[in-house]
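Read through the structure below, which is laid out as structure tokens, and then see the notes.
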2 protein chains.
Amino acid sequence: MIIGALSRGPMRFNALRRLIGGVSQRMLTLTLRGLERDGLVTRTVYPTIPPRVDYALTPIGQTLTEPLRVLSDWAMAYQSAIETAQDAYDSAQENL
Amino acid sequence: MIIGALSRGPMRFNALRRLIGGVSQRMLTLTLRGLERDGLVTRTVYPTIPPRVDYALTPIGQTLTEPLRVLSDWAMAYQSAIETAQDAYDSAQENL
DNA sequence: CCGTATCCGCACGGATACTG
DNA sequence: CAGTATCCGTGCGGATACGG
């Protein structure tokens, strides 16, 4: 989701947090550090007050947006079919 | 990896286990049950001795092979670049 | 605003033993 | 062969508090 959010341009920490939704501050930080370590995301600090930090995709990070978009499209397309299958599976398990 | 392995045709439990490698019996079973619940994989039992169980992709499961192959191709292409980035990041952390 | 530090519950997954 | 059952350590991630 971070890769997808940054695919349209750099974004600040809290903007990212609001856009993704349901992510704790801790996990967003840890995930961003991981992506930074992997060379997929850059972190730029502007020494202003209040502080400002921009996150952006590196060239390699941008190459990942397409594969992830393909996967995301698949998930959107089959989400309801999969939920239906789960319901059928679960109710079949009850009758044992 | 299970989806990728089954993309070329049905496969038995232990064949799958050997092909994937490094997966415990427990985790392979749990993962297969999850895929079955999601309607991505079918489980077929042949009541022979010794028992035989075939796993195969459902039509929906087959639609997932392409998105995953795209992602896998990306991983193969950038694996070494990412490892290099990690090494650079880690050695930069040491000097603090 | 953008984090880090600390505590803690819990569930993930390995190891092992057992079974039809 | 293809599992299930049980025990158990560890690490993930939430919650909370604090700081530049």
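Every chain is numbered from 1 and lettered A, B, ... according to where its sequence line falls, protein lines coming before strand lines.
Considering only side-chain N and O atoms, B:Tyr55 lies under 4.0 angstrom from the phosphate OP1 or OP2 of D:dG3.
Taking atom CG on B:Leu16 and atom P on D:dC1, their separation rounds to 14 Å, with Å as the unit. Atom CZ of B:Arg12 and atom C1' of D:dC1 are 7 Å apart (whole Å).
In terms of heavy atoms, B:Pro67 sits closest to A:Leu71 at CB-CD1, 3.7 Å. Contact between B:Ile60 and B:Gly39 at its shortest, heavy atoms only, is CB-O, 4.2 Å.
Remark: B:Ser91 pairs with no residue by the side-chain contact (heavy atoms from CB on, under 4.5 Å) rule, at least two apart or across chains. Looking at residues two or more places apart in sequence or on another chain, you find no ring-ring contact (aromatic ring centres under 6.0 Å, His included) involving B:Phe13.
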TODO: Would you check, one step at a time, whether the test side chain to side chain contact (heavy atoms under 4.5 Å, CB included) holds for B:Met11 with B:Asp54?
DONE: CA-CA 5 Å; B:Met11 205 174 290; B:Asp54 270 17; over 6 Å; no
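Taking 4.5 Å as the limit, some side-chain heavy atom of A:Leu57 sits within range of a side-chain heavy atom of A:Val41.
Extent of DNA chain C lying under 4.0 Å from chain A heavy atoms, first and last nucleotide in 5' to 3' order, is C:dC1 to C:dT6.
For the atom pair B:Arg37 CZ and A:Asp87 CG, the distance stands at 8.0 Å (nearest 0.5 Å).
Checked by atom type and distance alone, the side chain of B:Thr31 never pairs as donor or acceptor with a backbone atom of B:Leu28 at under 3.5 Å.
Contacts of residues 18-52 of chain B with DNA chain D (heavy atom under 4.0 Å): B:Gln25, B:Arg26, B:Thr29, B:Arg33, B:Arg43, B:Pro50, B:Pro51.
Listed by first then second residue, pairs satisfying side chain to side chain donor-acceptor pair (under 3.5 Å) with a partner in residues 66-78 of chain B read A:Thr63-B:Trp74, B:Glu66-B:Arg69, B:Arg69-B:Asp73, not counting sequence neighbours.
Rounded to 10 degrees, the angle separating the terminal axes of the helix from C:dC1-D:dG20 to C:dG20-D:dC1 is 50°, with each axis obtained from five end pairs.
B:Val23 is connected to B:Leu16 through a chain of hydrophobic side-chain contacts under 4.5 Å among Ile, Leu, Val, Met, Phe, Trp and Tyr, so both are in one cluster.
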